[in-house]
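We're numbering straight along the sequence, starting at 1. Only a predicted model underlies this, so the values are computations on that prediction, with no experimental measurement involved.
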Amino acid sequence: MTSTEEYRANAGQWSPRLSKTASSKHQAIFDALVADIASGRLRRGDRLPPQRAVAAALGVDLTTVTKAYSRAREEGIIEATTGRGSFVAIGAIEDRSPKVSFVAHDLSRNSPARLPRIDAAFVKEVSLAVALDASSGVMNYQDTGGNWGNRTAGSTWLARRDIVTSPERLVLTSGAQSALYAICHLLSKQSRNVCVGQFAYPGIHTVAYQQGLQLVPLSMDEKGIIPESFAEACKRSPIAALYITSTADNPTAVTLPADRRVEIVKIARQHSVPIVEDDPYFDLIPNAPAPIAAVAPDITWYIATASKCLSPALRLGYVVAPSVEGATQVAAALQALTMMASPLFAAIASRWIYSGFMHEAAAELSAENAARQAIASSVFNDQRFEAQPYTPHLWLNLPSPWRASEFTHQCERLGVITVGSASFSVNSPVVEAVRISVGAAASREALRDALAIMKSVLVGGRSNASRAMV
């Protein structure tokens with residue numbers, strides 16, 4: 001008996017080989033299933049092990065496996081029969097063949113619009129900084145958390161957000177993601193449970209998967225995370241931290257109102273839970289509510305970044321810790337992770353903070369986002385969606401009987417890539433929705449074309465979107 005035949009004979013004991021690069025555990029299980037079907041290790045008609053057996057073998061929650069199996073069933077990869085179990089579907093291998101030969105519009109990455117003035121200014125500043133290297137040292141090693149001058153500039157920038165901090169409490173990082181990783185590493189010593197909204201930024205999924213953290217989903221409504229859900233989670237088990245994007249949440253686009261922020265702070269204090277506030281969009285939104293860190297600086301780890309309000313090319317983040325000791329600890333964690341933030345990028349950001357260009361560029365991006373959101377509003381004027389007028393993404397709720405997996409599949413066949421709600425969900429009931437990144441389009445005209453394609457798929461109806469099973 002060959003190795004492949006042996007594997008097939010024991011398909012009922014199938015154990016996924018999980019990739020560490022997947023955005024979440026359920027995504028890793030789904031990817032492993034697809035890979036084993038594509039390689040022939042699982043064949044059409046093979047019976048899969050019960051979900052509880054897979055969960056036990058991997059040491060994960062049953063809901064994690066259920067989510068992976070459910071997605072596979074929705075996409076026609078597996079079939080389930082009551083009393084018999086789950087089987088690799090007839091036609092599953094054919095269905096996983098490449099869906100499109102081209103991508104005309106990739107609206108999956110939540111990036112800001114490319115503006116020529118910002119790109120040109122970045123190139124000019126890089127050349128200038130290199131020319132001045134002898135006096136500035138931007139081409140050499142510097143302190144992990146940034147030198148004093150760049151920390152001071154960061155403090156000046158964040159003061160516009162009503163965040164008053166000394167340079168000692170501020171640390172420069174290689175973008176917001178490395179900051180999030182280091183902070184979660186520090187806060188999860190006593191508990192592995194991190195509260196998040198039921199739909200959460202993929203970056204926290206990645207951190208949780210890499211560090212073995214358990215994301216605890218909190219119920220959300222049209223105003224964001226519901227405080228009562230947070231309080232209930234704190235009563236059930238020890239919580240290491242609450243992760244929250246308070247302004248223009250990614251993916252739901254909701255901004256948490258000021259009164260709800262106060263209530264969440266009250267609950268966090270009552271249960272001694274630190275708050276990790278990720279705030280990449282604040283500078284884009286006129287009259288945004290004060291950050292949680294401005295209300296409760298002693299329990300909040302605040303993350304700001306230049307990527308969303310300026311350019312992803314400027315890989316630079318700023319962390320304001322609740323204390324000087326906390327800043328020292330996160331700097332030590334970052335030293336092991338990334339050694340230091342780029343001195344070149346830090347120098348450019350500092351110059352732009354003091355010259356006012358940082359504020360001007362954010363205003364330009366805000367206006368561009370508003371124009372693009374207006375296009376989206378005109379295209380989806382008869383649909384339910386959440387959006388902030390000045391931010392680069394929106395959350396489109398799909399009408400019944402659409403499923404997000406089917407909708408994104410049909411859009412991709414026509415050259416438009418978006419991200420379905422399952423990619424953001426944290427073991428919670430699936431809401432059928434997609435995140436559309438309006439800033440990612442090459443131009444306003446390209447955005448209009450992409451959204452028109454999506455709208456044609458949407459109104460065409462699910463009945464016309466079913467996959468051919470041959």
Next on the checklist: I'd like to know whether Asn193 forms a side chain to side chain contact (heavy atoms under 4.5 Å, CB included) with Arg236, so could you lay out the CA-CA distance, the side-chain angles of the two residues, the decisive distance to 0.1 Å, and finally the verdict.
Outcome noted: CA-CA 11 Å; Asn193 300 321; Arg236 286 195 302 268; over 6 Å; no
Checklist entry - Going by distance alone, is a donor N or O of one side chain under 3.5 Å from an acceptor N or O of the other, for Thr66 and Gln51? => result yes
Next on the checklist: For the CZ atom of Phe282 and the OG1 atom of Thr255, what is their distance to the nearest 0.5 Å?
Outcome noted: 10.5 Å
Item to check | Shortest non-hydrogen contact from Ala32 toward Pro16 | outcome: CB-CB, 3.8 Å
Item to check | Heavy-atom closest contact (Asp278 atom, Ala176 atom, distance) | outcome: OD1-CB, 4.4 Å
Next on the checklist: Does Leu48 form a side chain to side chain contact (heavy atoms under 4.5 Å, CB included) with Leu33? I'd like the steps, not just the answer.
Outcome noted: CA-CA 10 Å; Leu48 296 174; Leu33 178 60; 4.2 Å; yes
Item to check | From CA spacing to verdict: salt bridge (Lys or Arg N to Asp or Glu O under 4.0 Å), Arg17, Asp36 | outcome: CA-CA 9 Å; Arg17 297 161 297 177; Asp36 281 351; 2.2 Å; yes
Checklist entry - Side chains of Val419 and Pro251: closer than 4.5 Å at any heavy-atom pair? => result no
Checklist entry - Could you state the interatomic distance from CG (Leu172) to OH (Tyr318), rounded to the nearest 0.5 Å? => result 5.0 Å
Checklist outcome for this item: Correct closest heavy-atom pair for Arg435 and Ser437 would be NE-OG, 3.7 Å
Checklist entry - Does a donor on one side chain sit under 3.5 Å from an acceptor on the other, for Glu277 and Thr300? => result no
Next on the checklist: What I'd like to find out is whether the side chain of Gln177 reaches to under 4.5 Å of the side chain of Val207, using heavy atoms alone.
Outcome noted: yes
Next on the checklist: Under a 3.5 Å distance rule, please check whether Thr206 uses its side chain to pair with a backbone N or O of Pro202 as donor and acceptor.
Outcome noted: yes
Checklist entry - Sub-3.5 Å donor-acceptor pair from the side chain of Gln373 to the main-chain atoms of Thr391, do we have one? => result yes
Checklist entry - Which one of Gln214, His205, Gln198 satisfies the side chain to side chain contact (heavy atoms under 4.5 Å, CB included) criterion with Val426? => result His205
Next on the checklist: Is it the case that atom CZ in Arg52 sees more than 12 heavy atoms from other parts of the structure closer than 6.0 Å?
Outcome noted: no
Next on the checklist: Main chain of Val431, side chain of Ser421: is a donor-acceptor contact present, judged purely on distance under 3.5 Å?
Outcome noted: yes
Checklist entry - Atom OG of Ser377 and atom CZ of Phe385: how far apart are they, to the nearest 0.5 Å? => result 3.5 Å
Checklist entry - For Ser188, does its backbone N or O pair with a side-chain atom of Ser191 as donor and acceptor, under 3.5 Å? => result no
Checklist entry - Any sub-3.5 Å donor-acceptor pair from Lys67's side-chain atoms to Ser425's backbone N or O? => result yes
Item to check | Pair Tyr281-Asn369, side-chain donor/acceptor within less than 3.5 Å | outcome: no
Item to check | Smallest separation among heavy atoms of Trp301 and Ala321, with atom names | outcome: CZ3-CB, 3.7 Å
Item to check | Worked check of side chain to side chain contact (heavy atoms under 4.5 Å, CB included) between Leu451 and Leu107 | outcome: CA-CA 10 Å; Leu451 298 183; Leu107 306 185; 4.3 Å; yes
Item to check | Geometric class of the Trp14/Tyr69 ring pair [parallel <30°, tilted 30-60°, perpendicular >60°] | outcome: tilted
Checklist entry - With under 30° as parallel and over 60° as perpendicular, where do the rings of Trp402 and Phe407 fit, or are they tilted in between? => result perpendicular
Item to check | Phe230 and Val273, any side-chain heavy atoms less than 4.5 Å apart | outcome: yes
Checklist entry - Looking at side-chain heavy atoms only, is the closest gap between Leu218 and Leu242 below 4.5 Å? => result yes
Checklist entry - Got a donor-acceptor contact below 3.5 angstrom from the Arg261 side chain to the Ser246 backbone? => result yes
Item to check | Distance-minimising heavy-atom pair for Pro227 and Glu263 | outcome: CB-CG, 3.5 Å
Item to check | side chain to side chain contact (heavy atoms under 4.5 Å, CB included) between Ile436 and Phe380, worked out | outcome: CA-CA 12 Å; Ile436 303 173; Phe380 296 124; 3.8 Å; yes
Checklist entry - Looking just at side-chain N and O atoms, do Gln211 and Arg192 make a donor-acceptor pair shorter than 3.5 Å? => result no
Next on the checklist: Is any side-chain heavy atom of Pro399 closer than 4.5 Å to one of Leu458?
Outcome noted: yes
Item to check | Residues Lys455, Asp382: salt bridge by 4.0 Å N-O rule | outcome: yes
Checklist outcome for this item: Here the gap from Leu394 atom CG to Thr418 atom OG1, rounded to the nearest 0.5 Å, amounts to 10.0 Å
Next on the checklist: A quick test of your reading: do over 12 heavy atoms of other residues, nucleotides or ligands sit less than 6.0 Å from CZ of Arg114?
Outcome noted: no
Checklist outcome for this item: Between the CG atom in Leu316 and the OG1 atom in Thr305, the distance rounded to the nearest 0.5 Å is 7.0 Å
Checklist entry - Can a salt bridge be assigned to the pair Arg161 and Asp283 using a cut-off of 4.0 Å between side-chain N and carboxylate O? => result yes
Checklist entry - Heavy atoms, side chains only, cut-off 4.5 Å: are Pro312 and Pro112 in contact? => result yes
Next on the checklist: Give me the atom names and distance for the closest heavy-atom approach of Thr173 to Ser178.
Outcome noted: CB-OG, 3.8 Å
Item to check | Leu58 side chain reached by Lys25 side chain, heavy atoms, under 4.5 Å | outcome: no
Checklist entry - Is any side-chain heavy atom of Val319 closer than 4.5 Å to a side-chain heavy atom of Leu334? => result no
Checklist outcome for this item: Separation between CD (Glu412) and OG (Ser108), nearest 0.5 Å, reads 9.0 Å
Checklist entry - Can you check whether Val254's main-chain N or O pairs, donor with acceptor, with Asp249's side chain at less than 3.5 Å? => result no
